[in-house]
Amino acid sequence: MSKIRITLIDGSEREVEKGLSLGEIAKKINISLAKEAIAGKVNEIKKDLNFKVNENSKIEILTFSSEEGKEIFHHSTSHVMAFAVKELFPGVKFAIGPAIKDGFYYDFDVEKPFTPEDLKLIEQKMKEIIKKDFPFKRIEISKEEALNFFQERKEIYKIELLKEITDQYITLYQVGNFIDLCRGPHLPSTGKIKAFKLLSVAGAYWRGSEKNKMLQRIYGISFDQTSKLEDYLRLIEEAKRRDHRKLGLDLGIFSMHDEGVGFPFFHPKGMVLRNILEDYWRKEHQKSGYWEVKTPIILSKSLWIQSGHWDHYKENMYFTKIDEEDYAIKPMNCPGGILVYKCNLHSYRELPLRMAELGLVHRHELSGVLHGLFRVRCFTQDDAHIFMTPEQIKEEIKGVINLTDRIYRTFGFSYRVELSTKPENAMGSEEIWEKATKSLEEALKEKEISYKVNQGEGAFYGPKIDFHLNDCLGRSWQCGTIQLDFIMPEKFDLFYISKIGEKERPVMIHRTILGSLERFIGILIENYAGAFPLWISPVQVKLLPIADRHLEYGKKIGKKLEENNIRVEIEEINEKIGAKIRKAELEKIPYMLIFGDKEVAEGLVSIRKRGKGDLGSTRLEQFIEDIKGEIEKQSIF
RNA sequence: GCCGGCGUAGCUCAAUCGGCAGAGCAACGGAAUCGUAAUCCGUAGGUUGUCUGUUCAACUCAGAUCGCCGGCUCCA
């Protein structure tokens, strides 16, 4: 029997018999690898485990621990779900059923939407299918045969998909008696799916377009081990426990009301938090050479026509009338900033001119997208507009990246970066867009930051870099954005006087770092589960007297703490110390100071740290010194 | 905006087939003055989101409407 050479991912080579399947090769490499094998890659192309290798190749065996393996695993589970749905609801038509970041979904066209009870039935059926360990069979047929096959079954969505495939041969996959159009690869058999759960049903448009029919989408997740499913479900529970909408209300940070849907109300504790963030933000921006401005919320329609918002952003804007004249509530801060720039004649010596604004903008978002502080109809952008010469672009962008990085780190966030290019409704020439996009790319490359490109997702006036924060549960949130703009300066005829005394056109950067103060506060609440780091905690210290007669001492030390700019509250409720502690713990206050006869007599305080417990007693002066140091450090623990 | 689910006291949740709306926590009053996550007793709290209808009778059934939740689309 002839032999072939295979190269493994670690670079090692070995000789095997020609015509072995990937699964058999896996067994030769390592028996436990063969057990875990999901599919494989031959010369970078994903293949089923029963794919026979007939020539020298680079081989990789995929398991659940790789992203690609996981994806195949989820995708196969979606086929199992579709099979179950076919068994239980014979009339359904099948759309698409891909793997997604967390699990998979399948879109079905059904007469009646699925109910939660239906999900249980489907799960039950899936269990049966998995138990029977059906093999996934790959079928290769001509495009014409495939068309006939799906036409007979009136699978209109599959036919639509098929028509777009230009390959001569089409692959189908069969599990039991469910045959689906699919590129594969798949698990060898359904028995590999050790744990799965159907999570939710939701309406979803065919091909994501509002113009198309709404289908029923079932979301699910699956794992190769039961314990992983349990971990995942725990994570979902944990996320629910941290929900900023609930915590925000409980901790007195903000509230929402029917009287102003999408417009958050900030409560006293929330304002403390917000003001701390703003103070910190201002300090950082002063250090980085920014000036701060404030521009009005309502501005004349003519300004929005000139800026292009009237043509490109009207759907999202609110309007009003003043003295019979049309006005708009600002959805962005840039036109206001531009008017400030235009007040003076600017020399090249002033550039780059960095103008920051904590600007309150209003945007009409569709009612269905509103979500706590994460998605609102009015929010405060930590905006800035930088006016500069074309030569300064790259350095300025790098400067913004540095500032962003520093601010995110302060809160303990890592992040990833995306670059969005020219959208369909863009203003300005192809050439300008190309130049702008290139500057952003170059800055990222020089900073050695890896990024993902989103084709066609830029703003209408320019390409952008987006920053996505990762929180402690592994979720990500869009916050910062850097948008390069050659168009507004043109529209508003901005200029500066160059070295040789001529008028030159500046370039603009629009940028945010926190993104929206409101959203950022929501993220902080969830990331810290409401237990804020000391330096941003609305209340830093709670004073807990053992008995009523110690209240007076408490007021004295409260005053001393206040004199040292420490945010303090005293507990005056008539309760036992255990109850007072419990209350303070639930309020997630970082430090509790407890004092009774002993402390009053000796001028001490007993320190209790949130989540940690009793730290013993110390002199008040010592505590003040320590806590001031800790606040100064902006420690995130 | 679209699809589905849900709206009962400040919060968390009960109320059988359509038959007088109830509990815990919180609040308030009182007793106890207590040493590191809940002391005990009492009081008050409601047009069951809103409107319309069916019915002898509606928290319960139907329709409309507002809001919330999960998604789709969109996004800071």
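In this text, all values refer to a predicted model and were calculated from it rather than measured experimentally. Naming convention: chains lettered A, B, ... in sequence-line order (proteins, then strands); numbering from 1 in each chain. Computation of the quantities below employed the complete heavy-atom set of this structure, encompassing side-chain atoms and omitting hydrogens, waters and symmetry-equivalent molecules.
Regarding contacts with the backbone of B:G70, every side-chain N or O of A:Ser200 stays at 4.0 angstrom or more from both OP1 and OP2. When the side-chain nitrogen and oxygen atoms of A:Arg549 are compared with OP1 and OP2 of B:C34, one or more of them lie within a distance under 4.0 Å. For A:Gln381, no side-chain nitrogen or oxygen approaches OP1 or OP2 of B:A76 to under 4.0 Å. Residue A:Lys576 has no polar side-chain atom (N or O) positioned under 4.0 Å from OP1 or OP2 of B:C40. Between A:His364 and B:C74, a side-chain N or O to OP1/OP2 separation shorter than 4.0 Å is absent. Within the 4.0 Å cut-off from OP1 or OP2 of B:G71, not a single side-chain nitrogen or oxygen of A:Tyr105 is found. At least one side-chain nitrogen or oxygen of A:Arg608 sits closer than 4.0 Å to the OP1 or OP2 atom of B:A37. For A:Arg245 and B:C69, the shortest distance from a side-chain N or O to OP1 or OP2 is below 4.0 Å.
Atom pair A:Leu544:CG and B:G35:P shows a separation of 14 Å (rounding to whole Å applied). Whole-Å rounding puts the A:Arg363 CZ to B:C75 C1' distance at 8 Å. Between the CG atom of A:Asp243 and the P atom of B:C68 there is a distance of 14 Å, given to the nearest Å. Rounded to whole angstrom, the span from the CD atom of A:Gln478 across to the P atom of B:C75 amounts to 9 Å. To the nearest angstrom, P of B:C25 lies 17 Å from CG of A:Asp250. In this structure, A:Asn212 atom CG and B:C3 atom P are separated by 15 Å, rounded to whole Å.
Using a 4.0 Å heavy-atom criterion, one finds that A:Asp382 contacts no nucleic acid atom at all. As judged by a 4.0 angstrom heavy-atom cut-off over every strand, A:Gly578 is placed among residues touching the sugar-phosphate backbone only. Among the atoms of the strands shown, none is found under 4.0 Å from any heavy atom of A:Ser209. When heavy atoms are screened at a 4.0 angstrom cut-off, A:Asp258 is found touching the sugar-phosphate backbone but no base atom. Residue A:Val376 is in base contact, counting any heavy-atom pair closer than 4.0 Å across all strands shown. Counting any heavy atom pair closer than 4.0 Å across all strands shown, A:Glu518 reaches no nucleic acid atom. Note on A:Lys580: nothing from the nucleic acid sits closer than 4.0 angstrom, heavy atoms only. Heavy atoms of A:Gly596 sit under 4.0 angstrom from at least one base atom. Base engagement by A:Ser367 is indicated by at least one non-hydrogen atom pair under 4.0 Å involving a base atom. In this structure, A:His371 reaches the sugar-phosphate backbone alone: every heavy-atom distance under 4.0 Å involves primed, P, OP1 or OP2 atoms, never a base. The residue A:Ile594 sits close to a base: some heavy atom pair falls under 4.0 Å. If you check every strand for non-hydrogen atoms under 4.0 Å, A:Glu599 touches a base. Residue contacts for A:Gly515: at a heavy-atom cut-off of 4.0 Å it reaches the sugar-phosphate backbone alone, with no base atom in range.
Residues A:Tyr415 and A:Thr404 have side chains that never bring a donor and an acceptor to within less than 3.5 angstrom of each other. With hydrogens and angles left out, the side-chain atoms of A:Arg416 and A:Ser476 include a donor and acceptor closer than 3.5 Å. For the residue pair A:Ser617 and A:Glu599, no side-chain donor N or O sits within less than 3.5 Å of a side-chain acceptor on the partner.
Not a single donor-acceptor pair under 3.5 Å links the side chain of A:Arg519 to the backbone N or O of A:Arg375.
The OG atom of A:Ser420 lies 10.0 Å from the CG atom of A:Leu440; values are rounded to the nearest 0.5 Å.
For A:Tyr205 and B:G71, a side-chain-to-base donor-acceptor distance below 3.5 Å is absent, hydrogens and geometry of angles not being considered. The base of B:C72 is not paired with the side chain of A:Arg217 by any donor and acceptor separated by under 3.5 Å.
We find that A:Lys93 and A:Glu160 are not joined by a salt bridge, their nearest charged nitrogen and carboxylate oxygen being 4.0 Å or further apart. Ionic pairing of A:Asp243 and A:Lys240 is not present here: no N-O contact between side-chain nitrogen and carboxylate oxygen is shorter than 4.0 angstrom.
Taking the P atoms as reference points, B:G19 lies 39 Å from B:G29, given to the whole Å. A distance of about 11 Å separates the C1' atoms of B:C17 and B:U60, rounded to the whole Å. As rounded to the nearest Å, B:U55 and B:G18 have C1' atoms that lie 9 Å from one another. Comparing B:C69 with B:U8, their P atoms are spaced 14 Å from each other, to the whole Å.
Other residues, nucleotides and ligands contribute at most 12 non-hydrogen atoms within 6.0 Å of the CZ atom of A:Arg409.
The partner of B:G1 is B:C72, judged by Watson-Crick or G-U wobble contacts that both fall below 3.5 Å. Figure legend. B:G7 is base-paired to B:C66; pairs are counted as Watson-Crick or G-U wobble with both atom distances under 3.5 Å. In this structure, B:A27 and B:U43 make a Watson-Crick or G-U wobble pair, each of the two defining distances being under 3.5 angstrom.
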